[in-house]
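Everything quoted here is computed from the prediction, not taken from an experiment.
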Amino acid sequence: MLQKLEEVKNDYDKLTKELEHPDIFKDIDRYSKLSKEHSDLKPIVEKYVEYKNILDAIKETKEMLKNEKDHEMKDMAKEELEILEKDKETIEKDLKKLLIPKDPNDDKNVILEIRAGTGGDEAALFAADLFRMYSRYAERKKWKMEILSESQTGTGGFKEVIAMIAGKGAYSKLKYESGIHRVQRVPTTESQGRIHTSAVSVAVLPEAEDVDVEINSTDLHIDVYRASGAGGQHVNTTDSAVRITHLPTGIVVTCQDERSQHKNKAKAMRILRAKVYDIEIQKKEAELSQERKQMVGSGDRSEKIRTYNFPQSRVTDHRIGLTLYKLNDILDGDIEDIIDSLTTYFQTESLKVSAADE
(Lines give C-alpha, C1' and ligand atoms only; values in the text may rest on other atoms or scores of the structure.)
Protein backbone atom coordinates (compact mmCIF):
# COMPACT_ATOMS: atom_id res chain seq x y z
CA MET A 1 0.00 0.00 0.00
CA LEU A 2 2.84 2.40 0.85
CA GLN A 3 4.35 1.88 -2.59
CA LYS A 4 1.01 2.68 -4.23
CA LEU A 5 0.66 5.80 -2.08
CA GLU A 6 4.17 6.98 -2.96
CA GLU A 7 3.34 6.56 -6.66
CA VAL A 8 0.15 8.58 -6.20
CA LYS A 9 2.09 11.36 -4.43
CA ASN A 10 4.68 11.45 -7.24
CA ASP A 11 1.88 11.74 -9.82
CA TYR A 12 0.26 14.49 -7.74
CA ASP A 13 3.55 16.44 -7.50
CA LYS A 14 4.07 16.19 -11.27
CA LEU A 15 0.54 17.44 -11.90
CA THR A 16 1.10 20.34 -9.47
CA LYS A 17 4.20 21.42 -11.42
CA GLU A 18 2.39 21.17 -14.75
CA LEU A 19 -0.53 23.23 -13.48
CA GLU A 20 1.87 25.91 -12.19
CA HIS A 21 3.45 26.29 -15.64
CA PRO A 22 2.28 29.57 -17.28
CA ASP A 23 1.77 27.91 -20.70
CA ILE A 24 -0.88 25.53 -19.33
CA PHE A 25 -3.66 28.10 -19.92
CA LYS A 26 -2.97 28.05 -23.67
CA ASP A 27 -4.72 24.68 -23.83
CA ILE A 28 -7.94 24.95 -21.80
CA ASP A 29 -9.00 21.34 -22.45
CA ARG A 30 -5.67 20.02 -21.14
CA TYR A 31 -5.84 22.38 -18.16
CA SER A 32 -9.36 21.11 -17.29
CA LYS A 33 -8.23 17.47 -17.61
CA LEU A 34 -5.14 17.96 -15.42
CA SER A 35 -7.11 19.99 -12.86
CA LYS A 36 -9.63 17.16 -12.47
CA GLU A 37 -6.85 14.55 -12.07
CA HIS A 38 -5.13 16.81 -9.52
CA SER A 39 -8.40 17.30 -7.62
CA ASP A 40 -9.08 13.53 -7.58
CA LEU A 41 -5.63 12.75 -6.13
CA LYS A 42 -5.59 15.56 -3.55
CA PRO A 43 -7.63 13.79 -0.79
CA ILE A 44 -5.42 10.68 -1.10
CA VAL A 45 -2.20 12.71 -0.85
CA GLU A 46 -3.48 14.75 2.12
CA LYS A 47 -4.45 11.55 3.94
CA TYR A 48 -1.06 9.99 3.06
CA VAL A 49 0.80 12.99 4.53
CA GLU A 50 -1.29 12.62 7.68
CA TYR A 51 -0.44 8.90 7.74
CA LYS A 52 3.31 9.56 7.42
CA ASN A 53 3.14 12.08 10.26
CA ILE A 54 1.44 9.45 12.44
CA LEU A 55 4.14 6.89 11.56
CA ASP A 56 6.85 9.41 12.50
CA ALA A 57 5.09 10.18 15.78
CA ILE A 58 4.81 6.44 16.59
CA LYS A 59 8.53 5.98 15.87
CA GLU A 60 9.48 8.93 18.12
CA THR A 61 7.19 7.71 20.94
CA LYS A 62 8.68 4.20 20.80
CA GLU A 63 12.19 5.68 20.98
CA MET A 64 11.12 7.73 23.98
CA LEU A 65 9.72 4.62 25.70
CA LYS A 66 12.99 2.81 25.10
CA ASN A 67 15.16 5.55 26.58
CA GLU A 68 12.94 7.21 29.18
CA LYS A 69 13.74 6.41 32.83
CA ASP A 70 10.98 8.40 34.52
CA HIS A 71 7.99 6.10 35.21
CA GLU A 72 5.41 8.89 34.98
CA MET A 73 6.75 10.02 31.60
CA LYS A 74 6.82 6.40 30.44
CA ASP A 75 3.15 5.93 31.36
CA MET A 76 2.24 9.09 29.44
CA ALA A 77 4.20 7.84 26.42
CA LYS A 78 2.36 4.49 26.57
CA GLU A 79 -1.00 6.26 26.58
CA GLU A 80 0.12 8.44 23.67
CA LEU A 81 1.28 5.38 21.75
CA GLU A 82 -2.10 3.66 22.18
CA ILE A 83 -3.89 6.74 20.78
CA LEU A 84 -1.45 6.97 17.87
CA GLU A 85 -1.86 3.28 17.00
CA LYS A 86 -5.67 3.67 16.93
CA ASP A 87 -5.34 6.76 14.72
CA LYS A 88 -3.01 4.79 12.44
CA GLU A 89 -5.60 2.00 12.04
CA THR A 90 -8.35 4.51 11.22
CA ILE A 91 -6.22 6.31 8.63
CA GLU A 92 -5.18 2.99 7.06
CA LYS A 93 -8.86 2.10 6.57
CA ASP A 94 -9.51 5.53 5.04
CA LEU A 95 -6.55 5.15 2.69
CA LYS A 96 -7.67 1.72 1.52
CA LYS A 97 -11.07 3.16 0.64
CA LEU A 98 -9.48 6.12 -1.16
CA LEU A 99 -7.27 3.76 -3.19
CA ILE A 100 -10.27 1.83 -4.55
CA PRO A 101 -10.36 2.64 -8.29
CA LYS A 102 -12.96 5.37 -8.74
CA ASP A 103 -15.94 4.62 -10.94
CA PRO A 104 -15.47 7.05 -13.86
CA ASN A 105 -19.25 7.57 -13.95
CA ASP A 106 -19.65 8.58 -10.29
CA ASP A 107 -19.83 12.31 -10.99
CA LYS A 108 -22.30 11.95 -13.86
CA ASN A 109 -25.96 12.87 -13.93
CA VAL A 110 -28.48 10.04 -13.96
CA ILE A 111 -31.16 8.77 -16.32
CA LEU A 112 -33.71 7.10 -14.01
CA GLU A 113 -36.18 4.61 -15.52
CA ILE A 114 -39.07 3.23 -13.47
CA ARG A 115 -41.38 0.63 -15.04
CA ALA A 116 -44.43 -1.13 -13.60
CA GLY A 117 -44.00 -4.91 -13.69
CA THR A 118 -46.25 -7.68 -12.39
CA GLY A 119 -49.31 -6.47 -10.51
CA GLY A 120 -51.30 -4.35 -12.98
CA ASP A 121 -52.68 -1.08 -11.59
CA GLU A 122 -51.13 -1.77 -8.18
CA ALA A 123 -47.65 -2.01 -9.76
CA ALA A 124 -48.27 1.25 -11.65
CA LEU A 125 -49.29 2.98 -8.41
CA PHE A 126 -46.15 1.72 -6.71
CA ALA A 127 -44.08 2.97 -9.66
CA ALA A 128 -45.53 6.41 -8.88
CA ASP A 129 -44.62 5.95 -5.19
CA LEU A 130 -41.02 5.14 -6.13
CA PHE A 131 -40.84 8.08 -8.52
CA ARG A 132 -41.99 10.36 -5.70
CA MET A 133 -39.40 8.76 -3.35
CA TYR A 134 -36.54 9.53 -5.73
CA SER A 135 -37.97 13.02 -6.45
CA ARG A 136 -38.04 13.82 -2.74
CA TYR A 137 -34.50 12.44 -2.30
CA ALA A 138 -33.32 14.63 -5.19
CA GLU A 139 -34.92 17.64 -3.45
CA ARG A 140 -33.06 16.82 -0.24
CA LYS A 141 -29.78 16.68 -2.20
CA LYS A 142 -30.67 19.92 -4.04
CA TRP A 143 -30.45 18.11 -7.40
CA LYS A 144 -32.55 19.06 -10.42
CA MET A 145 -35.08 16.55 -11.76
CA GLU A 146 -36.66 16.66 -15.21
CA ILE A 147 -39.17 14.17 -16.64
CA LEU A 148 -38.01 13.05 -20.08
CA SER A 149 -40.83 10.61 -20.84
CA GLU A 150 -43.89 9.28 -19.02
CA SER A 151 -46.80 6.95 -19.60
CA GLN A 152 -49.52 7.41 -16.97
CA THR A 153 -52.48 5.23 -16.07
CA GLY A 154 -56.01 6.41 -15.38
CA THR A 155 -55.56 5.58 -11.68
CA GLY A 156 -52.66 8.02 -11.14
CA GLY A 157 -49.86 5.49 -11.58
CA PHE A 158 -47.08 5.13 -14.11
CA LYS A 159 -46.67 2.35 -16.65
CA GLU A 160 -43.26 3.93 -17.22
CA VAL A 161 -41.50 7.16 -16.28
CA ILE A 162 -38.03 8.27 -17.35
CA ALA A 163 -36.35 11.25 -15.71
CA MET A 164 -33.03 13.05 -15.68
CA ILE A 165 -31.50 13.75 -12.26
CA ALA A 166 -28.74 16.35 -12.47
CA GLY A 167 -26.47 17.04 -9.53
CA LYS A 168 -23.01 16.47 -8.10
CA GLY A 169 -22.39 12.77 -7.45
CA ALA A 170 -25.91 11.73 -8.51
CA TYR A 171 -24.75 8.46 -10.10
CA SER A 172 -22.43 7.60 -7.20
CA LYS A 173 -25.40 7.80 -4.83
CA LEU A 174 -28.09 6.14 -6.96
CA LYS A 175 -26.18 3.48 -8.92
CA TYR A 176 -27.10 0.67 -6.51
CA GLU A 177 -30.85 1.32 -6.93
CA SER A 178 -31.11 -0.68 -10.18
CA GLY A 179 -33.13 -3.87 -9.86
CA ILE A 180 -36.59 -5.17 -8.96
CA HIS A 181 -38.39 -3.35 -6.14
CA ARG A 182 -41.23 -5.39 -4.66
CA VAL A 183 -44.23 -4.07 -2.71
CA GLN A 184 -46.52 -5.98 -0.36
CA ARG A 185 -49.75 -4.21 0.60
CA VAL A 186 -53.54 -4.35 0.46
CA PRO A 187 -54.70 -2.54 -2.71
CA THR A 188 -57.54 -0.04 -2.34
CA THR A 189 -59.61 -2.21 -4.71
CA GLU A 190 -59.18 -5.32 -2.51
CA SER A 191 -62.48 -5.86 -0.65
CA GLN A 192 -61.33 -8.82 1.49
CA GLY A 193 -58.15 -7.23 2.87
CA ARG A 194 -55.73 -9.63 1.18
CA ILE A 195 -52.13 -8.55 0.76
CA HIS A 196 -50.98 -8.42 -2.86
CA THR A 197 -47.38 -8.52 -4.09
CA SER A 198 -46.42 -6.34 -7.06
CA ALA A 199 -43.10 -5.49 -8.67
CA VAL A 200 -41.50 -2.47 -10.29
CA SER A 201 -38.19 -2.37 -12.15
CA VAL A 202 -35.76 0.50 -11.62
CA ALA A 203 -32.78 1.24 -13.87
CA VAL A 204 -30.21 3.91 -13.06
CA LEU A 205 -28.06 4.84 -16.06
CA PRO A 206 -25.19 7.35 -16.10
CA GLU A 207 -25.87 10.19 -18.53
CA ALA A 208 -23.62 9.72 -21.55
CA GLU A 209 -21.86 12.60 -23.24
CA ASP A 210 -20.74 12.69 -26.87
CA VAL A 211 -17.21 11.68 -25.84
CA ASP A 212 -18.53 8.59 -23.99
CA VAL A 213 -20.36 6.99 -26.89
CA GLU A 214 -20.47 7.62 -30.63
CA ILE A 215 -23.84 7.26 -32.35
CA ASN A 216 -23.85 7.56 -36.13
CA SER A 217 -26.90 9.16 -37.74
CA THR A 218 -26.87 6.34 -40.30
CA ASP A 219 -27.56 3.88 -37.43
CA LEU A 220 -30.81 5.66 -36.52
CA HIS A 221 -34.33 5.21 -37.86
CA ILE A 222 -36.51 8.15 -36.80
CA ASP A 223 -40.32 8.17 -36.98
CA VAL A 224 -42.51 11.16 -36.18
CA TYR A 225 -46.21 10.98 -35.36
CA ARG A 226 -48.94 12.77 -33.45
CA ALA A 227 -48.74 12.62 -29.67
CA SER A 228 -51.62 10.78 -28.01
CA GLY A 229 -53.06 10.97 -24.52
CA ALA A 230 -54.99 8.54 -22.36
CA GLY A 231 -57.37 6.43 -24.41
CA GLY A 232 -55.36 7.02 -27.56
CA GLN A 233 -56.90 10.37 -28.50
CA HIS A 234 -54.55 12.79 -30.28
CA VAL A 235 -53.50 15.68 -28.06
CA ASN A 236 -51.53 17.56 -30.69
CA THR A 237 -52.36 18.61 -34.23
CA THR A 238 -48.76 18.31 -35.47
CA ASP A 239 -46.38 15.36 -35.76
CA SER A 240 -44.42 16.28 -32.62
CA ALA A 241 -43.92 12.81 -31.10
CA VAL A 242 -40.63 11.10 -31.94
CA ARG A 243 -39.63 7.43 -32.03
CA ILE A 244 -35.93 6.66 -32.50
CA THR A 245 -34.69 3.14 -33.25
CA HIS A 246 -30.97 2.40 -32.86
CA LEU A 247 -30.48 -0.23 -35.56
CA PRO A 248 -27.26 -1.92 -34.22
CA THR A 249 -28.77 -2.61 -30.78
CA GLY A 250 -32.51 -2.60 -31.51
CA ILE A 251 -33.10 -0.03 -28.73
CA VAL A 252 -36.30 1.97 -29.28
CA VAL A 253 -36.94 5.27 -27.49
CA THR A 254 -40.11 7.32 -27.81
CA CYS A 255 -40.80 10.82 -26.53
CA GLN A 256 -44.02 12.83 -26.93
CA ASP A 257 -44.26 15.02 -23.83
CA GLU A 258 -43.15 18.26 -25.53
CA ARG A 259 -45.16 20.12 -28.15
CA SER A 260 -41.99 20.64 -30.16
CA GLN A 261 -40.68 17.79 -32.34
CA HIS A 262 -37.16 19.21 -31.90
CA LYS A 263 -37.39 19.07 -28.08
CA ASN A 264 -38.82 15.54 -28.13
CA LYS A 265 -36.00 14.40 -30.41
CA ALA A 266 -33.37 15.97 -28.11
CA LYS A 267 -34.87 14.23 -25.07
CA ALA A 268 -35.09 10.90 -26.89
CA MET A 269 -31.44 11.18 -27.93
CA ARG A 270 -30.36 11.76 -24.31
CA ILE A 271 -32.16 8.58 -23.27
CA LEU A 272 -30.82 6.62 -26.24
CA ARG A 273 -27.24 7.75 -25.65
CA ALA A 274 -27.46 6.62 -22.00
CA LYS A 275 -28.88 3.23 -23.03
CA VAL A 276 -26.16 2.60 -25.63
CA TYR A 277 -23.49 3.68 -23.13
CA ASP A 278 -25.01 1.36 -20.53
CA ILE A 279 -24.69 -1.58 -22.95
CA GLU A 280 -20.95 -0.81 -23.20
CA ILE A 281 -20.69 -0.76 -19.39
CA GLN A 282 -22.55 -4.09 -19.13
CA LYS A 283 -20.17 -5.62 -21.71
CA LYS A 284 -17.16 -4.59 -19.64
CA GLU A 285 -18.73 -6.00 -16.48
CA ALA A 286 -19.46 -9.27 -18.30
CA GLU A 287 -15.72 -9.61 -18.98
CA LEU A 288 -14.98 -9.74 -15.23
CA SER A 289 -14.29 -13.12 -13.70
CA GLN A 290 -17.29 -14.79 -12.03
CA GLU A 291 -15.65 -14.53 -8.61
CA ARG A 292 -14.98 -10.82 -9.04
CA LYS A 293 -18.55 -10.22 -10.26
CA GLN A 294 -19.94 -11.93 -7.16
CA MET A 295 -17.75 -9.78 -4.94
CA VAL A 296 -18.51 -6.40 -6.51
CA GLY A 297 -22.18 -7.09 -7.28
CA SER A 298 -23.64 -8.49 -10.45
CA GLY A 299 -25.58 -5.39 -11.47
CA ASP A 300 -28.29 -7.75 -12.71
CA ARG A 301 -31.43 -5.65 -13.18
CA SER A 302 -33.64 -8.71 -13.00
CA GLU A 303 -32.49 -9.29 -9.43
CA LYS A 304 -35.02 -8.65 -6.63
CA ILE A 305 -33.17 -6.11 -4.50
CA ARG A 306 -35.72 -4.64 -2.09
CA THR A 307 -39.14 -5.30 -0.52
CA TYR A 308 -41.48 -2.62 0.83
CA ASN A 309 -43.93 -4.23 3.27
CA PHE A 310 -46.78 -1.84 4.14
CA PRO A 311 -48.58 -3.85 6.87
CA GLN A 312 -45.37 -3.97 8.95
CA SER A 313 -43.98 -0.59 7.78
CA ARG A 314 -40.85 -2.55 6.84
CA VAL A 315 -38.28 -2.04 4.08
CA THR A 316 -35.69 -4.77 3.47
CA ASP A 317 -32.72 -4.60 1.13
CA HIS A 318 -31.99 -8.25 0.32
CA ARG A 319 -28.41 -7.72 -0.93
CA ILE A 320 -27.10 -6.60 2.45
CA GLY A 321 -29.79 -7.94 4.80
CA LEU A 322 -30.72 -4.42 5.95
CA THR A 323 -34.21 -4.00 7.44
CA LEU A 324 -35.65 -0.64 8.49
CA TYR A 325 -39.05 -0.04 10.08
CA LYS A 326 -39.75 3.44 8.71
CA LEU A 327 -41.48 2.82 5.40
CA ASN A 328 -43.32 6.18 5.29
CA ASP A 329 -40.10 8.14 5.85
CA ILE A 330 -38.31 6.12 3.16
CA LEU A 331 -41.08 6.68 0.62
CA ASP A 332 -40.80 10.38 1.48
CA GLY A 333 -37.19 10.34 0.25
CA ASP A 334 -35.36 9.49 3.49
CA ILE A 335 -33.17 6.82 1.84
CA GLU A 336 -29.71 8.05 2.90
CA ASP A 337 -29.32 5.23 5.47
CA ILE A 338 -29.96 2.63 2.75
CA ILE A 339 -27.65 4.33 0.24
CA ASP A 340 -24.83 4.76 2.79
CA SER A 341 -25.11 1.11 3.88
CA LEU A 342 -25.00 -0.10 0.27
CA THR A 343 -22.01 2.13 -0.52
CA THR A 344 -20.11 0.82 2.52
CA TYR A 345 -20.93 -2.77 1.60
CA PHE A 346 -19.82 -2.51 -2.02
CA GLN A 347 -16.69 -0.56 -1.04
CA THR A 348 -15.79 -3.35 1.38
CA GLU A 349 -16.31 -5.95 -1.35
CA SER A 350 -14.11 -3.90 -3.69
CA LEU A 351 -11.40 -3.82 -1.03
CA LYS A 352 -11.53 -7.62 -0.87
CA VAL A 353 -11.09 -7.74 -4.64
CA SER A 354 -8.13 -5.34 -4.47
CA ALA A 355 -6.52 -7.44 -1.74
CA ALA A 356 -7.05 -10.62 -3.78
CA ASP A 357 -5.48 -8.98 -6.85
CA GLU A 358 -2.33 -7.93 -4.97
Side-chain angles (χ1 to χ4, degrees), residues 1-21 24 30-68 70 72-108 140-142 167-176 292 295-297 320 336-358:
M1 186 177 77
L2 287 172
Q3 186 181 340
K4 272 188 191 176
L5 289 165
E6 202 57 45
E7 287 170 6
V8 169
K9 188 174 185 307
N10 289 337
D11 290 342
Y12 180 79
D13 291 341
K14 284 177 190 172
L15 287 167
T16 303
K17 283 183 182 177
E18 282 193 71
L19 288 167
E20 287 171 350
H21 199 283
I24 190 68
R30 179 165 172 74
Y31 172 73
S32 298
K33 182 175 177 288
L34 295 182
S35 292
K36 188 177 184 315
E37 288 177 21
H38 189 266
S39 176
D40 288 344
L41 294 180
K42 188 177 180 181
I44 304 174
V45 173
E46 287 178 344
K47 189 62 71 173
Y48 179 43
V49 170
E50 189 182 346
Y51 184 63
K52 288 210 293 187
N53 290 339
I54 288 279
L55 291 179
D56 289 341
I58 287 172
K59 188 178 177 183
E60 286 174 17
T61 308
K62 283 181 176 177
E63 283 293 320
M64 183 180 169
L65 271 171
K66 196 189 291 181
N67 301 317
E68 184 59 58
D70 186 280
E72 192 173 329
M73 290 296 289
K74 254 192 168 180
D75 288 342
M76 286 175 65
K78 280 179 185 176
E79 285 178 18
E80 178 68 16
L81 186 61
E82 281 181 23
I83 293 168
L84 288 169
E85 291 286 2
K86 283 179 182 175
D87 288 345
K88 175 176 166 259
E89 282 180 27
T90 302
I91 293 172
E92 279 177 349
K93 286 177 184 175
D94 292 340
L95 281 169
K96 283 175 182 175
K97 284 181 184 177
L98 287 167
L99 284 172
I100 295 171
K102 192 179 177 187
D103 185 334
N105 296 313
D106 272 355
D107 292 330
K108 290 185 182 292
R140 290 166 185 253
K141 304 297 288 185
K142 293 183 168 53
K168 185 174 173 58
Y171 185 72
S172 70
K173 286 286 187 180
L174 294 172
K175 61 184 175 181
Y176 302 122
R292 184 181 173 89
M295 292 175 93
V296 301
I320 55 176
E336 198 71 53
D337 286 346
I338 297 174
I339 285 171
D340 286 347
S341 298
L342 286 165
T343 301
T344 301
Y345 170 79
F346 284 111
Q347 279 184 343
T348 303
E349 297 307 300
S350 292
L351 280 172
K352 289 178 186 175
V353 172
S354 299
D357 289 344
E358 287 176 1

Lys/Arg N to Asp/Glu carboxylate O, Lys88 vs Glu92, below 4.0 Å:
yes
Looking only at heavy atoms, what is the nearest atom pair of Ile44 and Leu95, with distance?
O-CD2, 4.0 Å
For Tyr51, what residues pass the ring-ring contact (aromatic ring centres under 6.0 Å, His included) criterion, not counting sequence neighbours?
none
Indicate yes or no: does Asp106 engage Lys173 in a salt bridge with an N to O separation below 4.0 Å.
no
Walk me through whether Asp13 and Lys9 qualify under salt bridge (Lys or Arg N to Asp or Glu O under 4.0 Å).
CA-CA 6 Å; Asp13 291 341; Lys9 188 174 185 307; 3.2 Å; yes
Roughly how far, to the nearest 0.5 Å, is CG of Asn105 from OH of Tyr171?
5.5 Å
Using distance only, find each side-chain donor-acceptor pair of residues 53-65 under 3.5 Å and give its atom names and separation, not counting sequence neighbours.
from  : atom 1 : to    : atom 2 : distance (Å)
Asn53 : ND2    : Val49 : O      : 3.3
Thr61 : OG1    : Ala57 : O      : 2.7

To the nearest 0.5 Å, what is the distance between CG (Leu342) and CD (Gln347)?
11.5 Å
With rounding to the nearest 0.5 Å, note down the distance linking OG1 in Thr16 to NE2 in His21.
14.5 Å
Nearest-0.5 Å distance that lies between atom CD1 in Ile24 and atom CZ in Arg30:
5.5 Å
Walk me through whether Ile339 and Leu174 qualify under side-chain contact (heavy atoms from CB on, under 4.5 Å).
CA-CA 7 Å; Ile339 285 171; Leu174 294 172; 4.3 Å; yes
Without swapping roles, check the side chain of Ser39 against the backbone of Ser35 for a donor-acceptor pair under 3.5 Å.
no
Ignoring hydrogens and geometry, is there a side-chain-to-backbone donor-acceptor pair from Asp70 to Met73 under 3.5 Å?
yes
Does the distance from a Lys or Arg side-chain N to an Asp or Glu carboxylate O, for Asp40 and Lys36, drop under 4.0 Å?
yes
I'd like to know whether Thr343 forms a side-chain contact (heavy atoms from CB on, under 4.5 Å) with Tyr176, so could you lay out the CA-CA distance, the side-chain angles of the two residues, the decisive distance to 0.1 Å, and finally the verdict.
CA-CA 8 Å; Thr343 301; Tyr176 302 122; 4.1 Å; yes
What do the steps show when you test Ile91 against Tyr48 for side-chain contact (heavy atoms from CB on, under 4.5 Å), and what is the final call?
CA-CA 8 Å; Ile91 293 172; Tyr48 179 43; over 6 Å; no
So how far is it from Lys47 NZ to Thr90 OG1, rounded to the nearest 0.5 Å?
9.0 Å
Got a second to check how far Lys168's NZ is from Asp107's CG, nearest 0.5 Å?
5.5 Å
Salt bridge flag under 4.0 Å for residues Glu89 and Lys86:
no
Tell me if the OH atom of Tyr31 is crowded by more than 12 foreign heavy atoms within 6.0 Å.
no
Going by atom types alone, do Glu37 and Tyr12 pair a side-chain donor with an acceptor below 3.5 Å?
no
Start with the C-alpha gap between Lys52 and Glu6, add the side-chain angles, then the distance that decides, and say whether side-chain contact (heavy atoms from CB on, under 4.5 Å) holds.
CA-CA 11 Å; Lys52 288 210 293 187; Glu6 202 57 45; 4.3 Å; yes
Does the side chain of Val8 reach to within under 4.5 Å of the side chain of Leu99, using non-hydrogen atoms?
yes
